[in-house]
> 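One structure follows; several queries about it will come next.
Lettering follows sequence order; numbering is per chain, from 1. Values in this document were obtained by computation on a predicted structure and should not be read as measured data.
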Amino acid sequence: MVALLTLAGIPLLLAAALTGSAPGDLPAQRAMPVSNESQTCIDCHDQYTPGIVADWRSSRHAITIPGDALKNTPLQRRISADNVAPPLDSVVVGCYECHSLNVQTHADRMDHFGYAISVVVSPADCKTCHPVEAEQYAAGKKAHALDNLQKNPVYHALVETATGMRTAHGKELSRGISSNNAKNGTCYGCHGTRVEVRGTQTITTDGGDVTVPVLTNWPNQGVGRINPDGSAGSCTSCHPRHAFSIEVARTPATCGQCHLEPDIPTYNIYKESKHGNIEEALHHRWNWEAVPWTVGKDFTAPTCATCHNSLLTNPAGTVIAQRSHDFGTRTWVRLFGLIYSHPQPISGKTYELKNADGLPLPTTFSGVPATSFLIGTDEQAKRKDAMRAVCLACHSTPWVDGHFAALDTSIAEADGMVRAATQMLGAMWEQKMADRKNPFDESVEQQWVRQWLFYGNSVRYAAAMSGQDYATFKNGWWELNANLQRIHETLNAGRKK
Amino acid sequence: MVALLTLAGIPLLLAAALTGSAPGDLPAQRAMPVSNESQTCIDCHDQYTPGIVADWRSSRHAITIPGDALKNTPLQRRISADNVAPPLDSVVVGCYECHSLNVQTHADRMDHFGYAISVVVSPADCKTCHPVEAEQYAAGKKAHALDNLQKNPVYHALVETATGMRTAHGKELSRGISSNNAKNGTCYGCHGTRVEVRGTQTITTDGGDVTVPVLTNWPNQGVGRINPDGSAGSCTSCHPRHAFSIEVARTPATCGQCHLEPDIPTYNIYKESKHGNIEEALHHRWNWEAVPWTVGKDFTAPTCATCHNSLLTNPAGTVIAQRSHDFGTRTWVRLFGLIYSHPQPISGKTYELKNADGLPLPTTFSGVPATSFLIGTDEQAKRKDAMRAVCLACHSTPWVDGHFAALDTSIAEADGMVRAATQMLGAMWEQKMADRKNPFDESVEQQWVRQWLFYGNSVRYAAAMSGQDYATFKNGWWELNANLQRIHETLNAGRKK
Amino acid sequence: MVALLTLAGIPLLLAAALTGSAPGDLPAQRAMPVSNESQTCIDCHDQYTPGIVADWRSSRHAITIPGDALKNTPLQRRISADNVAPPLDSVVVGCYECHSLNVQTHADRMDHFGYAISVVVSPADCKTCHPVEAEQYAAGKKAHALDNLQKNPVYHALVETATGMRTAHGKELSRGISSNNAKNGTCYGCHGTRVEVRGTQTITTDGGDVTVPVLTNWPNQGVGRINPDGSAGSCTSCHPRHAFSIEVARTPATCGQCHLEPDIPTYNIYKESKHGNIEEALHHRWNWEAVPWTVGKDFTAPTCATCHNSLLTNPAGTVIAQRSHDFGTRTWVRLFGLIYSHPQPISGKTYELKNADGLPLPTTFSGVPATSFLIGTDEQAKRKDAMRAVCLACHSTPWVDGHFAALDTSIAEADGMVRAATQMLGAMWEQKMADRKNPFDESVEQQWVRQWLFYGNSVRYAAAMSGQDYATFKNGWWELNANLQRIHETLNAGRKK
């Protein structure tokens, strides 16, 4: 049934780090049972894709038998299943254990040297051991990130306009389509693509011919990827294959893959903040692997994961925050202005929103929130309390309250600066100085987009995380004012430009 | 009098790093005496703010009795007091030792479960053990950073214009005020706020009701913060609570909290430079904790702190540079153009400057320096020698001289490109194409601001630290020229835009 | 002949790291033979430039006798010479061993306390032990980076226009020259300067007067520096003195010294990518020193060096990629648009290119490639295979093929967006709305430059390395479209602006 894998080949540096820092773990020195199927994969892939095999060998999966992992204390458990079926009770989590899961539901299944496996291991597969995480994720906005762009005609228009091909003919500039490729490399790079099977192809390797499914819009690791088994999401967005390292997932750069200036400058602002400053200085000293993650002991300043999703305890073992893979559960307000900040949507499917003007947006252009689609004050208070608990692990109540009061004011002020730009654009539309049909395709409209998407967001996120430059000269108040001034001067020059 | 704190709870990784790398230090294994007062704080705050307690446990303060620290050799001493009064001669630097200092001077003092403590530990308190650092800091520009904005009508106008709220009415755009909140989150985020006590508030906690002072413009950690005891500055700007780590203070990201592009791109330029490149590669190998900091042995490329303020020795123990917390003591020229580079001001209170036009600026708009307020050639030479000594620890005299000669030329050239823009703006003011009353509120004026504040600074700082991109396409010469061209075309189109 | 250097003074952290991670290395504990000449250098320079002496002590050179290094297995060898002459067979690589090489060819030679040495150790000197690397480097574009700017009239015009001094006279703006200083601090900072000897100067030191050559355009460490011995290049661009650390060279920040946004945003895009994300998280855990560099064992995500030049093996010791210091040997297409992407040039001397319009450019403005100067399909396929081999160490064939197919489409699309801008500029030139004489000096022309140099490059490099933001809002498709729209509106407003 199982082969014995001596871990002599594991990078000792990593193995030591993994085991030394994780109470209750199995010792890395012990020979771990690998299933015969996985050993067969390894025997061949050690030659064909040696990097991912070695990466897996350095992983916790390679030294963890799920059945044993169940015996950890609740706080130390890294799997949320109540029980696991054979063979997961007796072998480590190897290649075959994941790639053979639920193959009957996988359009991307294939026969691979006698084994039925699928190419794209999906959240529905990871759910076998991590059901709570999979369910939380499915409820949030990330899992619906592709639909939220494609099924919302307003955002869809922005995507198509921003990534549309154009051709010049004399003085004319015609607008072509936005290709799948352009969208996959831009918006869908983060939001996810729709991966479907379109027949098969045969690949010739040294080990013989291999027939594999042809996948559309592949490769992609966006958070809302639609997988060939119909599931949504990509755990590898944050837990990259095949080490699935929690250190990587907790590192701010992981979030920075998508949350970058100018539109979502959270990574940049974090790096400027005092929290980010401490993290940059001390990254190499912290214990990034511990579960639960203990404030002050394992780390001394929060990262993105600390505030937004990790299971945190104090040194005495008391829980400060519960783990969640629905990343909105500690955020009550959605800082990301569309075009204004607003309470978090109730559903992760934001394309279902409808505002008072009938548009699928969380607020109207004049700022009226689509209240029935947004969380109410009770839920807001609950989520704010969850975040406050994290802050209060290090800061006093007046400090935290002062910080959040300033955030509230900054949100209102940034929204006010967006409102002024929106009103001026409205005046230009009314005076036919611009055409409202497509609100994103003329220069003055694109200035307006910058106001709410770049500068408004910068000010709000900077207030949330204390990154002063991003509130000032770097896409902040300076730009909010200068951009507004340019729109104003354009409007009053009495002509479209 | 004192309780014994076994250090079993200290993160061993940190404790080992702290002690292993610091010659003459007390061994971390020893049980250290904590005052009864501080132990009382810890007993409660281990529960209420566990993060900062754990952070403190990882700190040098937690393992240092000031009285013992005095016995270190002068170069190894981390405190500059000649002697310390009881109880600092017999207990480690715990919560109460700092929060109880000079409470009679603290408007933010409070009775906290029978102890008289203050909320905001200020430079005047840290001065008890670190008097030289506090005095140096008080003399520099940082301590006056808030006044330097508020009391200078020119900079004040720039702050108000950049952060002022605006409202649209039809085609009109009225200018509202800049709120305290907007200024606190932007300019004052770095420059510091005025923290004053406005009554008290009672907070309900699990441990009972706690009455605390209400602080204005709080939280804030800006370098020129005015504290409730009247002192100026915030040591935690660079030595964040409660580890007060010298590694953090010496890490470039600490300076990057405020010194970021586009206005002060020094952190970005450092990261691009060869020095920054080496630091990024080898950060995890260096000894960031040693005092004195030994060139070549503890680190192999300079950071911001190396060049601007740390105590440096060569491996033989000879001093290369004296420590200073007046960060201008090794800089003879102020690269930051206002609007041109100029010799460093004599006083840290730059609002006292007066140029030949009667404005509180270091030069006139035509470039005449306010000489009587600026350091003379002797002092310039002295400071340049102090910086040269750092360079010469690794570089030859011709290398260093060549570098500084190029810096001088770059300064003159960047100033020349600022002068051209200023002259063109002057022409527009004269021809009523713009209104000089507020020199910051029209688009062409904002282009002019970019010329000296963004592009001129980028070129000068890039020359100082050899970050070529910041002298070229990233806010450098390319933008100096393109921006000038736009202003020129605007001027010659015969209309305001 | 030799002095014994006890390594007690070496930073143990570094020494341990160097030796612990490098199979086949000499033990650091052993006293290593230093030549008498180098010991004389050290005795004095320990006092005068202690930083570089200490840096050298931490280096592999300080613990390596080239004669012994030859005995390593071919894959583990870090020198490519077949043999070395005395004294390199019996002493470590010290100061004198490098600075005395080929002095007769060095215009920068000098008599230094009785020793004939040169100031600028050049690739021609490093070639003594590293001939293969020196020859590869000499064949590539980097070695010719200065000539490629200076001898190409088109690029020369861009350099002069971007860095030219300007002076305002009333409403006029005259164009002055670009100084050597401005070019040295910008374009030539990366491309390299021409370092020549102009007499000598005498420097007074505590150890006596020292007469040294006066070097022009110095200091500089650009990749195409012309050295006083006539050779081209600067090994210290990536292997900074005097540790010459392979860890530094392999760290992405090294490449980021020059390859930064907006013109060559590869470092920024790498940092955003999943590969860069993993590197940022795990940098401190990897083995950056090993030769060969083993996929999965020494590192778990590629850096710039991994894909473009390092010698890679799989854990079984099979070679995945051969080392090359001609950095184009694994790239078939030149993504850097001038103004369009094109196959890599055959010669590193790109100033020899001539397109169908007679210009020294790889393509015409309408997109016709200068085929006879560019590598053909066979060579393209060979290089693509070399890169694919690296990808395939971790990724499956369909993944890699899908990625490269998307890259091809993205190249074509970005080129199309450049073409539209070029056609509109052509229309403006024809209608005398702009003057084609200098294609870089008017605002609309500078907008066109941004289209291909900033935004087109961003989209192409982002496609190559999967950095979605750089393909979208950060200098990507959003800007390609918005910039085009501005040009279009300018063209159709019927006036130059």
> Over all heavy atoms of both residues, which pair between Glu413(B) and Asn181(C) is shortest? Give the atoms and the distance, please.
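The pair with the smallest heavy-atom distance is OE1-ND2, 3.3 Å.
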> Contact part of Arg175(C) toward chain B, heavy-atom cut-off under 4.5 Å: side chain, backbone, both or neither?
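Side chain of Arg175(C) only, per the 4.5 Å heavy-atom cut-off to chain B.
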> Will you find, in the side chains of Asn277(B) and Thr251(C), an N or O donor that is under 3.5 Å from an N or O acceptor?
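On atom types as modelled, these side chains do not qualify, holding no pair under 3.5 Å.
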> For chain B, which of Pro240(C), Ala243(C), Gly176(C) has the most heavy-atom pairs under 4.5 Å?
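Looking at each option in turn, the highest pair count goes to Pro240(C).
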> Roughly how far apart are Met165(C) CE and Asn481(B) CG, rounded to 0.5 Å?
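Rounded to the nearest 0.5 Å, the CE-CG separation comes to 9.0 Å.
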> Determine the option with the most heavy-atom pairs under 4.5 angstrom with chain B, choosing from Thr205(C), Thr163(C), Thr236(C).
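When all of Thr205(C), Thr163(C), Thr236(C) are compared, Thr163(C) has the most.
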> Using non-hydrogen atoms and a 4.5 Å limit, figure out which bit of Asn184(C) sits close to chain B: side chain, backbone, both or neither.
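Asn184(C) has no heavy atom closer than 4.5 Å to chain B.
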> Taking every non-hydrogen pair under 4.5 Å, which of Met417(B), Glu279(B), Met424(B) racks up the most with chain C?
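Heavy-atom pair counts peak at Met417(B).
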> Who wins among Gly189(C), Cys255(C), Pro219(C) for the most heavy-atom pairs under 4.5 Å with chain B?
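The candidate making the most pairs under 4.5 Å is Pro219(C).
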> Which pair of non-hydrogen atoms, one from Ala54(C) and one from Pro315(B), has the smallest distance, and what is that distance?
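Heavy atoms of Ala54(C) and Pro315(B) come nearest at CB-CG, 4.2 Å.
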> Measure distances from Ile264(C) to the heavy atoms of chain B and classify the residue's part below 4.5 Å as side chain, backbone, both or neither.
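Looking at Ile264(C), nothing touches chain B.
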> Measure His395(B) against the heavy atoms of chain C and call it side chain, backbone, both or neither at under 4.5 Å.
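His395(B) touches chain C through backbone and side-chain heavy atoms alike.
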> Cut-off 3.5 Å, side chains only: do Gln446(C) and Arg486(B) have a donor facing an acceptor?
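Checked: Gln446(C)/Arg486(B) side chains show no N/O donor-acceptor pair below 3.5 Å.
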> If you round to the nearest 0.5 Å, how far is NZ of Lys171(C) from CD of Gln423(B)?
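Answer rounded to 0.5 Å: 15.5 Å.
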> Side chain, backbone, both or neither: which part of Ala427(B) has an atom under 4.5 Å from a heavy atom of chain C?
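Only the side chain of Ala427(B) comes within 4.5 Å of chain C.
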> Do you know which of Ala162(C), Pro213(C), Cys187(C), Ser179(C) has the most heavy-atom pairs with chain B at a distance under 4.5 angstrom?
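Going by pairs under 4.5 Å, I would pick Ala162(C).
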> For Lys474(B) and Pro262(C), indicate whether the former's side chain and the latter's backbone hold a donor-acceptor pair under 3.5 Å.
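No, because the side chain of Lys474(B) does not come within donor-acceptor range (under 3.5 Å) of the backbone of Pro262(C).
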> Considering all heavy atoms of both residues, which atom of Leu491(B) and which atom of Gly170(C) are nearest to each other, and what is their separation?
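What the structure gives for the nearest pair is CD2-O, 4.3 Å.
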> About how many Å separate CD of Gln201(C) and CG of Asp401(B), when rounded to the nearest 0.5 Å?
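Rounded to the nearest 0.5 Å, the CG-CD separation comes out at 7.0 Å.
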> What option among Asn220(C), Asp46(C), Val449(C) has the most heavy-atom pairs under 4.5 Å with chain B?
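Of the candidates given, the most pairs with chain B belong to Val449(C).
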> Please flag which part of Ala462(B) lies under 4.5 Å from any non-hydrogen atom of chain C: side chain, backbone, both or neither.
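Interface part for Ala462(B): neither.
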> Between Gly276(B), Ala316(B), Ala281(B), Ala406(B), which shows the greatest number of heavy-atom pairs under 4.5 Å with chain C?
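The option with the most such pairs is Ala281(B).
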> Determine the option with the most heavy-atom pairs under 4.5 angstrom with chain C, choosing from Gly402(B), Ala471(B), Ala420(B), Cys394(B).
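If we count pairs closer than 4.5 Å to chain C, Cys394(B) comes out on top.
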> Any sub-3.5 Å donor-acceptor pair from Asp469(B)'s side-chain atoms to Glu261(C)'s backbone N or O?
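No: the side chain of Asp469(B) does not pair with the backbone of Glu261(C).
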> State whether the side chain of Asp55(C) and the backbone N or O of Thr300(B) hold a donor-acceptor pair below 3.5 Å, judged by distance alone.
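It does not hold such a pair.
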> State whether Arg450(C) and Glu479(B) are salt-bridged, where the test is any N-O pair (Lys NZ or Arg NE/NH1/NH2 against Asp/Glu carboxylate O) under 4.0 Å.
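Salt bridge flag = yes for Glu479(B) with Arg450(C).
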> What is the minimum heavy-atom distance between Ser237(C) and Lys274(B), and which atoms define it?
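Result for this residue pair: O-NZ, 2.9 Å.
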> Quick one: what part of Gln447(C) sits under 4.5 Å from any heavy atom of chain B, side chain, backbone, both or neither?
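Gln447(C) has no heavy atom closer than 4.5 Å to chain B.
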> Within this structure, what is the CZ-CH2 distance for the pair Arg285(B) and Trp288(C), rounded to the nearest 0.5 Å?
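Atom-to-atom, Arg285(B):CZ and Trp288(C):CH2 are 10.5 Å apart.
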> Minimum heavy-atom separation for Leu158(C) to Trp478(B), with atom names?
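Nearest heavy atoms, Leu158(C) then Trp478(B): CD1-CZ3, 4.1 Å.
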> Does any backbone or side-chain atom of Ser273(B) lie under 4.5 Å from a heavy atom of chain C? Answer side chain, backbone, both or neither.
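It is the backbone, since no side chain atom gets that close.
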> At a 4.5 Å cut-off on heavy atoms, which part of Phe454(C) comes close to chain B: side chain, backbone, both, or neither?
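Contact with chain B: side chain only.
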> Looking at Lys271(B) and Gly256(C), would you say the former's side chain and the latter's main chain have a donor-acceptor pair under 3.5 Å?
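Checked: no pair found.
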> Ser396(B) and Thr49(C): side-chain contact (heavy atoms from CB on, under 4.5 Å), yes or no, with the steps?
CA-CA 7 Å; Ser396(B) 71; Thr49(C) 52; 5.7 Å; no
> Measure the spacing between NE2 of His284(C) and NE2 of His283(B) and express it to the nearest 0.5 Å.
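Separation between the atoms: 10.5 Å.
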> Could you state the interatomic distance from CZ (Arg166(C)) to NE2 (His488(B)), rounded to the nearest 0.5 Å?
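One gets 6.5 Å once the value is rounded to the nearest 0.5 Å.
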> Where do Gln485(B) and Ser443(C) come nearest, in terms of heavy atoms and distance?
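Nearest heavy atoms, Gln485(B) then Ser443(C): CG-OG, 3.7 Å.
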> Please assess Glu489(B) against Glu442(C) for the test side-chain contact (heavy atoms from CB on, under 4.5 Å), listing each intermediate value before the final yes or no.
CA-CA 9 Å; Glu489(B) 292 182 13; Glu442(C) 294 170 75; 4.0 Å; yes
> Of the backbone (N, CA, C, O) and the side chain (C-beta and beyond), which part of Gln431(B) lies under 4.5 Å from a heavy atom of chain C, both, or neither?
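Just its side chain gets close to chain C.
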> Check whether Ser178(C) gets within reach of chain B through its side chain, its backbone, both or neither, counting any heavy atom under 4.5 Å.
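Neither the backbone nor the side chain of Ser178(C) comes within 4.5 Å of chain B.
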> Need one label for Gln221(C): side chain, backbone, both or neither, based on atoms under 4.5 Å from any heavy atom in chain B.
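For Gln221(C), side-chain heavy atoms alone lie under 4.5 Å from chain B.
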> Under a 4.5 Å heavy-atom cut-off, does chain C meet the side chain of Ala482(B), its backbone, both or neither?
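Contact with chain C: backbone and side chain both.
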> Which region of Ala182(C), side chain (C-beta onward) or backbone (N, CA, C, O), has a non-hydrogen atom less than 4.5 Å from a non-hydrogen atom of chain B, or is it both or neither?
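For Ala182(C), the contact with chain B is made by backbone and side chain together.
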> With a 4.5 angstrom heavy-atom cut-off, which part of Phe299(B) approaches chain C: side chain, backbone, both or neither?
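Neither part; nothing is under 4.5 Å.
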> Report yes if the side chains of Pro398(B) and Leu215(C) come closer than 4.5 Å at any heavy-atom pair, otherwise no.
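No, their side chains stay 4.5 Å or more apart.
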> Please determine, among Leu173(C), Val210(C), Ile52(C), the option with the most heavy-atom pairs under 4.5 Å with chain B.
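Highest number of pairs under 4.5 Å: Leu173(C).
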> Select one option (side chain, backbone, both, neither) describing which atoms of Val212(C) are under 4.5 Å from chain B's heavy atoms.
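When you check distances to chain B, only side chain atoms of Val212(C) fall under 4.5 Å.
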> Please flag which part of Leu260(C) lies under 4.5 Å from any non-hydrogen atom of chain B: side chain, backbone, both or neither.
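Both parts, heavy atoms under 4.5 Å.
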